[in-house]
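Just follow the structure's listing: the first ligand is 1, and inside any ligand the first atom is 1.
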Amino acid sequence: MKKIPIIIDCDPGVDDTAALLLASQIPELDIRAITTVAGNVGVDKTTANAKRVRKIIGADFPIYQGAEKPMFRDLVTAAEFHGADGFGGVELPIPDDKLPEEKAWDAMYRIAKECEGELVIIAVAPMTNIGLALAKYKDFPNLVKKFVIMGGAAVGGNATPAAEFNIYVDPEAADMLFCCGVPVHMCGLDVTMKCYITPEELETINGFGSVQAKLFHDVLQKCMEKYMQSGNKGIALHDPAAVLYTVCPEMFQGEKAGVRVETKGIRTLGKTVTDLYSDKQFDEQNTFIVTDVDREAFIQKVYELMKKYEIA
Ligand code: RIB
Ligand code: CA
């Protein structure tokens, strides 16, 4: 089987943690690196959480630390949702293994060259590292096969009524990603809110008995309560949706559209402006916007992958 070389750019983060647990069990994926960025919490904490997850998975993929703030703005975090340490209140020691000095954006460029145009970057966080790589390396877009992002929304927002968090935190970097010419597949709120897991389904995963299944459950549990209090049927697995879309696109539906990011608005800052539902179209249909999912199939895939972890 020809593996897909990927980098997961993330800000663990409770759903990022779930995404890493799932990605590590997908045989089609060749995880060349995990890159971290400030987003849900500060980059020191997102990086520490990436180390924690790597230890629990028992993986050896390299971790490269990235940007500590957006390209042109102050950092806005989501600690109120992900917990002060970004790990949903789960207590796990931080492994003391030393990380490479190489910065995330430099590692992205180097690995893209090594993969000779086959690299897929799954970006499930503010896109600051990608923006910096684009700014520093003019030929970077020629080296990336595609971006699969968790970010944006054709309709709605969760950071503001108009903007989804990953885009809102660094709208300039996000707009650079959409404009750079690399094909973009956007798993925005339109589909990720449909990729929810119910409390009962999360308990089923906990019952699989491995430490990894327990972490998947524990890290999401606190946020589950918040989702249920606001009338949802479960917690949206935002970042796992982008990972599963990468390997099981047949579970999803969407269509091509033009997307640009609002970087100047007051009420609309960070909005992914799309022509999906507009008569007036952008000149370029630069993005495949994912809008729907077979949720049952999605959850069964999550079960299948999490069952692969062995009980110690
Ligand atoms: O809007 C959801 C996104 O913001 C997810 O990537 C979550 O981890 C947060 O970063
Ligand atoms: Ca994230």
Side-chain angles (χ1 to χ4, degrees), residues 6-23 34-43 45-50 52-53 63 66-67 69-70 75-90 104 121-130 147-171 173-174 177 185-197 216 219-220 222-224 226-227 230 232 234-246 261 269-272 289-290 293:
I6 65 164
I7 289 176
I8 301 178
D9 191 52
C10 55
D11 58 339
V14 300
D15 57 327
D16 306 70
T17 296
L20 295 176
L21 287 164
L22 292 165
I34 298 299
T35 50
T36 61
V37 69
N40 288 321
V41 288
V43 71
K45 293 178 180 174
T46 60
T47 305
N49 293 335
R52 284 170 162 147
V53 184
I63 297 171
K69 66 179 288 295
L75 176 62
V76 172
T77 70
E80 73 285 355
F81 186 80
H82 290 263
D85 63 357
F87 214 47
V90 173
I121 296 181
I122 302 177
V124 293
M127 293 144 208
T128 313
N129 289 337
I130 293 169
F147 292 121
V148 178
I149 71 169
M150 191 283 132
V155 176
N158 62 2
T160 73
E164 179 278 326
F165 179 78
N166 286 341
I167 310 293
Y168 179 73
V169 169
D170 197 337
L177 175 141
H185 295 249
M186 178 175 121
C187 296
L189 298 177
D190 316 282
V191 68
T192 64
M193 288 303 287
K194 297 173 184 173
C195 296
Y196 63 85
I197 186 167
F216 188 101
V219 81
L220 289 168
K222 271 205 177 2
C223 302
M224 175 68 85
K226 294 189 180 84
Y227 264 82
S230 40
N232 292 291
I235 181 170
L237 294 180
H238 297 292
D239 296 345
V243 169
L244 266 60
Y245 169 79
T246 304
V261 177
L269 180 69
K271 179 174 180 56
T272 44
I289 299 182
V290 188
V293 63

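The minimum distance between the Ca ion (ligand 2) and any N, O or S atom of D11 involves atom OD1. Shortest distance from the Ca ion (ligand 2) to D239 is reached at OD2 (N/O/S atoms only).
Distance from atom 6 (O) of ligand 1 to its nearest protein heavy atom, with residue and atom name: D239 OD1, 2.6 Å. Of the protein's non-hydrogen atoms, the one nearest atom 2 (C) of ligand 1 is E164 OE2, 3.4 Å. Looking at atom 9 (C) of ligand 1, its nearest protein heavy atom turns out to be N40 OD1, 3.1 Å.
Between the side chain of D190 and the backbone N or O of A154 there is at least one donor-acceptor pair closer than 3.5 Å.
Our summary of the site lists the angle at the Ca ion (ligand 2) between O of V124 and OD2 of D16 as 90°, to the nearest 10 degrees.
Residue-environment remark: NZ (K222) stays at or below the threshold of 12 foreign heavy atoms within 6.0 Å.
Here the straight-line distance linking atom NE2 of H82 with atom CG of D16 works out to 7.0 Å at 0.5 Å rounding.
The atoms of ligand 1 that sit less than 4.0 Å from any heavy atom of N166 are 3 (C), 4 (O), 5 (C), 6 (O), 9 (C), 10 (O). Taking every non-hydrogen atom of F165 and a distance limit under 4.0 Å, the qualifying atoms of ligand 1 come out as 1 (O), 4 (O), 9 (C), 10 (O). Using a 4.0 Å cut-off to heavy atoms of M150, the atoms of ligand 1 that qualify are 2 (C), 3 (C), 5 (C), 6 (O). The atoms of ligand 1 that sit less than 4.0 Å from any heavy atom of H238 are 2 (C).
Here the side chains of F87 and V53 are in contact, with some heavy-atom distance below 4.5 Å. D239 has its side chain out of reach of C10: every pair of non-hydrogen atoms, C-beta onward, lies at least 4.5 Å apart. Counting only heavy atoms from C-beta outward, the side chains of I122 and Y245 never approach each other to under 4.5 Å.
On a distance-only criterion, V124 and ligand 1 share at least one N/O pair closer than 3.5 Å. Considering backbone and side-chain N/O atoms, D16 comes within less than 3.5 Å of an N/O atom of ligand 1.
Residue contact annotation: D15 places no N/O/S atom under 3.0 Å from the Ca ion (ligand 2).
Distances from atom 8 (O) of ligand 1 to the heavy atoms of L237, D15, I149, N158 show the closest one on D15.
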Quiz item: After noting the C-alpha distance and the side-chain angles of V293 and M193, does the key distance pass the side chain to side chain contact (heavy atoms under 4.5 Å, CB included) rule?
Solution: CA-CA 10 Å; V293 63; M193 288 303 287; over 6 Å; no
